Amino acid sequence: RICVGVSDRRYDRLTLAMKTALVLLFTFLSFGVLAQQPADPAAHYFANLRLVDQNGRSVDLYNDVMKGHTVVINSFFATCQASCLVMDANYAHLQKQFKDLRLVSITVDPANDTPAALKAYAQRMKAGEGWLFLTGSKEQVHAALAKLGLAVDARDAHSNVLLAGNLKTGLWKKIFGLAKAEDIATAVQSVVEDVGGGKGAE
């Protein structure tokens, strides 16, 4: 009986040690997996999308353009004489009203909208440092626009939707780019503030 009792105690200690080891192992593995996950889901969704800005600089869409900012993104092309002019005027209004807003215009005509052409266009629009005009190869531009839901087969069919996103809180909203400037500014303001810190898109 004594021997059985000793064996039982040893068995209990062994079982406890094994359970503790397993808990530590699963905790370590779980921490390792979590540590590899990006803090911002957008970092994963927009990963490895490279474009070129109006100054000829190669940029990563997430890390160099979007990360840590509230952004408003549209698609356009520099020789557009219709809706782009209205959206650009609305962008100019946003540029004056919001100091730290990151404005992003991605061309749907990369063959013609070279960095030099976009730089000249930016100068005509009196764009500040916070307003980026992006181009790239046909494949790069299509990949970026596809992720944003703005890809089109023909440049004249480009979207008139603005995408406003708060990368700090994860809130995204779609805004009609041809609306009144004041209405667009109000919608953008709600994304900038995002008091509720809501995730998702509207």
Side-chain angles (χ1 to χ4, degrees), residues 42-67 69-95 98 101-167 171-181 183-185 187-188 191 201-202:
H44 175 71
Y45 183 77
F46 292 110
N48 303 317
L49 294 174
R50 298 205 68 85
L51 295 168
V52 181
D53 69 13
Q54 68 265 37
N55 296 310
R57 183 174 67 108
S58 176
V59 296
D60 179 274
L61 183 61
Y62 176 77
N63 290 307
D64 299 325
V65 177
M66 300 168 65
K67 184 178 180 180
H69 294 280
T70 296
V71 298
V72 180
I73 304 172
N74 78 327
S75 58
F76 86 114
F77 61 101
T79 55
C80 176
Q81 297 298 313
S83 60
C84 295
L85 299 178
V86 178
M87 286 193 289
D88 287 338
N90 286 333
Y91 261 40
H93 180 80
L94 292 175
Q95 182 176 238
F98 298 95
L101 190 65
R102 177 64 59 86
L103 300 173
V104 183
S105 294
I106 304 177
T107 183
V108 292
D109 186 18
N112 295 304
D113 286 345
T114 62
L118 292 183
K119 187 168 186 176
Y121 187 82
Q123 291 172 343
R124 293 199 300 274
M125 294 296 107
K126 298 181 179 179
E129 292 184 2
W131 188 351
L132 301 179
F133 296 82
L134 303 179
T135 187
S137 69
K138 181 179 179 180
E139 293 75 18
Q140 288 174 322
V141 168
H142 180 80
L145 291 175
K147 280 288 186 177
L148 294 162
L150 299 176
V152 292
D153 294 326
R155 67 178 192 176
D156 292 311
H158 71 84
S159 175
N160 294 324
V161 169
L162 308 180
L163 299 177
N166 186 326
L167 275 296
L171 175 65
W172 287 84
K173 287 186 177 181
K174 293 180 180 179
I175 304 170
F176 183 47
L178 304 182
K180 293 181 180 179
D183 294 336
I184 292 176
V188 170
V191 177
E202 294 184 11

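Here the structure is a predicted model, which is why all the values come from computation and not from measurement. One-based numbering along the sequence shown. Reckoned from all heavy atoms, side chains included, excluding hydrogens, waters and symmetry mates.
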Task: CA sep, side-chain torsions, deciding dist, call: W172, V71, side chain to side chain contact (heavy atoms under 4.5 Å, CB included) - done: CA-CA 9 Å; W172 287 84; V71 298; 4.0 Å; yes

- [ ] Go through the steps for V52 and V59 under the test side chain to side chain contact (heavy atoms under 4.5 Å, CB included), then give the verdict.
- [x] CA-CA 6 Å; V52 181; V59 296; over 6 Å; no

- [ ] For the pair R50 and D64, evaluate side chain to side chain contact (heavy atoms under 4.5 Å, CB included) and give the outcome as yes or no after the intermediate values.
- [x] CA-CA 10 Å; R50 298 205 68 85; D64 299 325; 4.2 Å; yes

TODO: Look up atom CG in N90 and atom CG in L178, then write down how far apart they are to the nearest 0.5 Å.
DONE: 7.5 Å

TODO: Return yes if a side-chain donor-acceptor contact under 3.5 Å exists between T135 and D113, otherwise no.
DONE: no

Task: Rounded distance [0.5 Å steps], CD1 in I73 versus CG in L162 - done: 10.0 Å

Task: Non-hydrogen side-chain atoms of L103 and L101 separated by less than 4.5 Å - done: yes

Task: Heavy-atom pair with the smallest gap, counting every atom of S83 and N160 - done: OG-OD1, 2.9 Å

TODO: Look at the side chain of R102 and the backbone N and O of W131, then say whether any donor-acceptor pair between them is shorter than 3.5 Å.
DONE: no

Task: pair L167-H69: side-chain heavy atoms closer than 4.5 Å - done: no

- [ ] Using modelled atom types only, decide if a donor and an acceptor are shared between the side chain of N55 and the backbone of R57 within a distance under 3.5 Å.
- [x] no

Open item on the list: Tell me the closest heavy-atom pair linking K174 and L163, and the distance in Å.
Closed with: CG-CD2, 3.7 Å

- [ ] Kindly compute the distance separating CG (N166) from OG1 (T70), expressed to the nearest 0.5 Å.
- [x] 3.5 Å

Task: Atom pair NZ (K67) and CZ (F46), whose distance is rounded to the nearest 0.5 Å - done: 14.5 Å

Open item on the list: Any heavy-atom pair between the side chains of V72 and V104 that's under 4.5 Å?
Closed with: no

TODO: Using a 4.5 Å cut-off on heavy atoms from C-beta on, say whether the side chain of L49 contacts that of K147.
DONE: yes

Open item on the list: Using every non-hydrogen atom in the two residues, find where A144 and L61 come nearest and quote the distance to one decimal.
Closed with: CB-CD2, 4.3 Å

Open item on the list: When you compare the side chain of F76 with that of T107, does any pair of heavy atoms fall below 4.5 Å?
Closed with: yes

Task: Heavy-atom check, side chain of L132 versus side chain of S105, under 4.5 Å - done: no

Open item on the list: If you compare all heavy atoms of A122 against all heavy atoms of Q54, which two are closest, and at what distance to 0.1 Å?
Closed with: CB-NE2, 4.3 Å

- [ ] Would you check if S75 and H158 make a side-chain contact, meaning some heavy-atom pair closer than 4.5 Å?
- [x] yes

Open item on the list: For a quick test of reading the model, state the closest non-hydrogen atom pair linking A164 to I175 and the distance between them.
Closed with: CB-CD1, 3.9 Å

Task: Any R155 side-chain heavy atom under 4.5 Å of T79 side chain - done: yes

Open item on the list: Would K119 pass as a cation-pi partner of F133, given that its NZ or CZ must be under 6.0 Å from the six-membered ring centre and within 45 degrees of the axis?
Closed with: no

Open item on the list: Just verifying a value: how many Å separate D109 CG and C80 SG, rounded to the nearest 0.5 Å?
Closed with: 10.5 Å

Task: Nearest heavy-atom neighbours spanning L94 and V188 - done: CD2-CG2, 4.1 Å

Open item on the list: One pair to check against side chain to side chain contact (heavy atoms under 4.5 Å, CB included): N74 and Y91. What are the steps and the verdict?
Closed with: CA-CA 10 Å; N74 78 327; Y91 261 40; 3.3 Å; yes

